[in-house]
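Protein chains get the first letters and strands the later ones, always in sequence-line order, with residue 1 at the start of each.
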There are 2 protein chains.
Amino acid sequence: MATTGTDLSRMREMNQLSIVWALRGNQPSTVTELAGRAGLSRPAVDVLVQTLVADGWAEVEEPGANSVVGRPARRFRFRADAGHVLGIDIGVHKILVMLSDLEGNLVHTLRRPADPEADPRTRLAAVDRAIDEVLRRAGMTPADIWAVTLGVTGPVDASGRTIISTPLPGWTAADPVAHLAARFPCPIQVENDCKLAAVAERWKGVASDADDIVFLLAGLRTGAGLILDGTLRRGHGGAAGEIGALKAVRWLSAPGHLENCPGIPATAAPGEAAAWVFQAARDGDRQAKTAVRRYTRDLAVGVAALVLALDPQVVVYGGGFSRSADVVLEPLRQELTKHCLRLPELRASTLGDESVALGAVRLALDEVDSRLLSDGLAAPTAPTA
Amino acid sequence: MATTGTDLSRMREMNQLSIVWALRGNQPSTVTELAGRAGLSRPAVDVLVQTLVADGWAEVEEPGANSVVGRPARRFRFRADAGHVLGIDIGVHKILVMLSDLEGNLVHTLRRPADPEADPRTRLAAVDRAIDEVLRRAGMTPADIWAVTLGVTGPVDASGRTIISTPLPGWTAADPVAHLAARFPCPIQVENDCKLAAVAERWKGVASDADDIVFLLAGLRTGAGLILDGTLRRGHGGAAGEIGALKAVRWLSAPGHLENCPGIPATAAPGEAAAWVFQAARDGDRQAKTAVRRYTRDLAVGVAALVLALDPQVVVYGGGFSRSADVVLEPLRQELTKHCLRLPELRASTLGDESVALGAVRLALDEVDSRLLSDGLAAPTAPTA
DNA sequence: TGAATTAGTAAACTGCTCAGCATTATCCAG
DNA sequence: CTGGATAATGCTGAGCAGTTTACTAATTCA
């Protein structure tokens with residue numbers, strides 16, 4: 001807790017930031033409203049907001065039709081389009097690129113299928129093409145981007161590399177940060193997909209009210225992302241949440257119960273088998289229900305370990321299987337009751353397979369914010385890594 | 001991230017606090033040194049430190065023999081004895097009371113045996129007597145105490161009550177906060193013993209360099225305390241770290257391997273059996289070594305679950321068994337290698353059975369600090385709950 | 001004894017917030 | 001259409017905190 005001394009200029013910086021925080025994510029606001037929100041006096045807010053307008057961080061909205069008595073107030077709006085960030089999900093089967101403004105509004109979203117067998121070079125080339133397409137549509141250049149966050153499967157270390165256990169072929173040799181740094185001058189971040197999805201779920205998803213969250217990315221692979229006390233926990237080596245690696249936790253084999261369920265039509269695509277089983281279970285098929293129960297039982301051990309270790313408020317069931325949460329959540333709850341001391345809330349994700357890219361956007365925005373907090377806000381320009 | 005506006009007086013408060021922070025835990029310091037540490041100018045520090053002296057937070061040390069060239073500087077010292085806190089460990093077999101000044105120096109420590117079968121009323125009465133004795137020796141009254149933290153076994157909720165699973169007979173009905181609040185006007189806190197021991201280990205123990213710590217309280221009971229990103233994680237319901245409740249994790253039965261080891265002399269006291277086995281294993285006894293290996297194997301599953309879930313930097317082996325860490329750590333390391341992706345450092349606690357009370361002191365001091373941060377520092381007086 | 005060095009102190013200056021008052025723009029009633 | 005009521009804006013002076021600069025005081029060493 002090393003508090004450091006403050007002087008006047010730093011104080012002004014902080015007050016200016018508090019105005020930005022009060023402006024952002026709100027309707028265009030009058031000076032009086034901002035003064036209330038930021039806890040400052042009206043004159044102080046006035047001059048602060050003037051300099052924000054002069055620097056390009058905010059813009060004035062001249063008063064229009066106003067049904068209230070008295071002189072109509074000018075309203076100030078945060079210029080969310082002063083900068084943009086990219087959130088990118090590099091999945092096994094797809095690439096998802098999201099372009100967002102500084103308020104987190106999505107400007108463009110682009111989805112491209114990916115070859116599951118592609119080597120890192122090919123995969124990164126596909127990512128490059130997708131990014132180019134998004135920038136082209138938005139009429140932007142890499143210099144307009146303030147931060148980029150990439151999501152990949154497998155644990156990611158501090159340098160953005162995936163050392164151990166990734167289902168992306170050859171990915172342990174890839175250095176995605178270096179690859180993107182060649183094109184983007186701004187900060188570049190790589191993060192594990194489960195962690196990003198957890199972040200998204202707290203930002204725009206089903207757990208926005210909770211500070212302690214265990215997020216399950218359930219699909220053909222199972223993973224977890226942890227948010228404790230409102231912030232993402234990466235672990236010392238970036239490998240937090242990898243409980244699936246424990247042999248007693250059968251997350252690796254759990255989806256097998258679904259894929260090997262008797263009765264799956266031979267016509268079903270490899271990725272569709274699980275969906276078929278869930279639907280069959282929903283329709284009352286006996287064998288399918290057994291398969292789901294077995295899957296849930298294997299899943300529950302790992303979830304219980306996380307719940308007992310962390311005592312979260314909410315467990316979010318997300319990932320590709322979350323569309324079938326209606327047949328999973330109840331048996332999962334029953335299994336957890338057997339294992340746990342205190343049962344957390346169980347919720348199904350609503351963000352579907354966009355959660356990873358969305359979480360990447362949020363992390364990129366956090367990066368921008370932390371730059372603002374440490375460097376203060378001069379004119380809005382892209383920070384350099 | 002709701003930044004709030006600042007004005008001059010708040011700024012002064014913060015700078016004053018930064019001087020206190022720079023003063024505390026250091027040798028008596030000159031104004032110039034403080035200015036460097038706090039990042040303020042010399043004149044500014046001078047007037048701040050003057051008011052600190054006037055308020056009773058600091059005292060001057062007139063310059064004595066000084067071998068350096070130039071005018072000798074006055075030195076200022078934090079008045080650590082301006083206030084005191086109590087850290088109390090209510091164990092099954094013992095009660096340990098620590099009285100500490102504001103710098104964390106222990107003024108008095110008192111250990112009293114406790115009846116394992118005592119009901120809560122009797123136990124709390126014994127605690128009262130121990131507290132009275134400590135206060136008497138220090139010549140203090142309850143009004144001189146600024147914060148009290150109690151450590152108990154079993155998970156503790158936000159109100160300081162232990163709802164589930166405690167080895168203290170009848171304790172679920174006890175309300176220790178209410179009991180102590182009748183005597184102490186200051187803030188009172190109750191916390192789980194494993195969590196407190198973890199805090200102590202990061203404060204004065206073997207993990208002071210780490211921010212992500214899994215602490216094991218190993219004894220006839222096994223428990224865990226978690227420190228992530230440098231702060232204690234309680235979990236949403238205060239039950240974080242209770243991985244031992246999982247059936248696949250055999251922490252409940254693990255110490256049984258030691259107690260049921262053949263060859264234990266009948267003369268050994270019930271609590272001494274384990275120590276005998278550890279010693280025998282150290283001496284090369286075949287059966288004892290097998291017992292230790294079995295114990296370690298059961299222990300390792302739970303540790304591996306925590307390590308995989310959290311990816312800590314350090315695992316600290318503490319509690320009553322930590323004296324025998326030399327025969328446990330190596331087999332534990334081998335077991336963990338089988339389970340984990342990334343092996344954290346393994347360290348043996350050096351605080352022994354004082355860690356819980358010491359952690360309680362640290363938490364009480366944190367309480368005092370957070371009061372200072374939020375309320376600022378007027379004259380040093382005991383805060384009221 | 002005087003030069004060098006460092007600490008303490010006072011004054012001038014900058015920059016910020018705030019309170020209060022005059023000004024301005026709008027609505028509405030007569 | 002006009003004057004009064006209402007509320008936002010703009011301006012000025014007061015107060016406060018920290019920095020800079022310069023000066024004085026106290027000590028050591030040659």
Side-chain angles (χ1 to χ4, degrees), chain A residues 3-20 22 27-54 58 60-77 376-378, chain B residues 3-20 22-23 27-55 58-77 376-377:
Chain A
T3 319
T4 179
T6 319
D7 67 346
L8 284 297
S9 63
R10 177 68 192 149
M11 171 170 130
R12 185 187 169 83
E13 237 172 32
M14 288 169 56
N15 283 347
Q16 197 140 349
L17 281 169
S18 82
I19 297 293
V20 168
Q27 294 299 313
S29 315
T30 69
V31 172
T32 315
E33 288 166 2
L34 290 174
R37 245 178 257 151
L40 296 172
S41 74
R42 205 167 41 78
V45 172
D46 194 80
V47 7
L48 286 173
V49 92
Q50 295 300 344
T51 69
L52 284 178
V53 170
V60 199
E61 183 181 274
E62 288 306 331
N66 200 327
S67 63
V68 77
V69 177
R71 176 173 176 169
R74 286 180 305 179
R75 294 186 167 271
F76 294 88
R77 184 206 330 267
L377 21 81
Chain B
T3 319
T4 178
T6 319
D7 67 345
L8 282 299
S9 64
R10 178 66 191 151
M11 171 169 130
R12 186 183 170 85
E13 238 171 31
M14 287 169 57
N15 283 346
Q16 198 139 346
L17 281 169
S18 83
I19 298 293
V20 168
L23 222 41
Q27 295 299 312
S29 314
T30 68
V31 172
T32 313
E33 289 167 0
L34 291 173
R37 248 179 254 150
L40 295 172
S41 72
R42 209 155 43 83
V45 171
D46 195 82
V47 351
L48 286 172
V49 92
Q50 297 299 345
T51 67
L52 284 178
V53 170
D55 287 349
E59 54 193 4
V60 198
E61 183 179 273
E62 287 305 331
N66 199 328
S67 66
V68 79
V69 177
R71 174 173 176 170
R74 286 181 300 182
R75 293 187 166 271
F76 294 87
R77 184 205 331 266
L377 20 83

How close or far is atom P of D:dG18 from atom CD of B:Glu13, stated in whole angstroms? 12 Å
The complete set of side-chain hydrogen bond (donor to acceptor under 3.5 Å, both in side chains) pairs with one or both residues in residues 38-50 of chain A, sequence neighbours excluded, reads none
Residues at least two apart in sequence or cross-chain that pass side-chain contact (heavy atoms from CB on, under 4.5 Å) with B:Glu61, listed by chain then number, are B:Pro28, B:Arg75, B:Arg77
Got a sec, which residues hit side-chain contact (heavy atoms from CB on, under 4.5 Å) with B:Ser9, two or more places apart in sequence or on another chain? B:Asp7
Sequence-distant partners of B:Val60, side-chain contact (heavy atoms from CB on, under 4.5 Å), two or more places apart: B:Val53, B:Glu62, B:Arg74, B:Phe76
By nearest atom, which of the nucleotides D:dA17, C:dC18, D:dT20 is closest to the B:Met11 side chain? D:dA17
Between atom CZ in A:Arg10 and atom P in D:dT19, what is the gap in whole Å? 14 Å
Taking only residues two or more places apart in sequence, or in another chain, which ones meet A:Thr51 in a side-chain hydrogen bond (donor to acceptor under 3.5 Å, both in side chains)? A:Gln16
Quick check on C:dC16: is either OP1 or OP2 less than 4.0 Å from any side-chain nitrogen or oxygen of A:Asn15? no
Every protein N/O within reach of nucleotides 9-13 of chain D N/O, cut-off under 3.5 Å:
{"residue": "D:dT9", "atom": "OP1", "partner": "A:Arg74", "partner atom": "N", "Å": "3.1"}
{"residue": "D:dG10", "atom": "OP1", "partner": "A:Arg74", "partner atom": "NH2", "Å": "3.4"}
{"residue": "D:dG10", "atom": "OP2", "partner": "A:Arg74", "partner atom": "NH2", "Å": "3.3"}

Euclidean distance, atom CD1 of residue A:Ile19 to atom C1' of C:dC16 [Å, nearest integer]: 14 Å
Here the distance between atom P of C:dC16 and atom CE of A:Met14, to the nearest Å, is 14 Å
Quick note, A:Ser41 side chain, CB onward, closest among D:dG18, C:dT17, C:dC18 is C:dC18
Spacing between B:Leu48 atom CG and D:dG18 atom C1', to the nearest angstrom: 9 Å
Just how far, in rounded Å, is P of D:dA17 from CD of B:Gln16? 10 Å
If you look at every heavy atom in A:Ala35 and A:Val45, which pair is closest and at what distance? CA-CG2, 3.6 Å
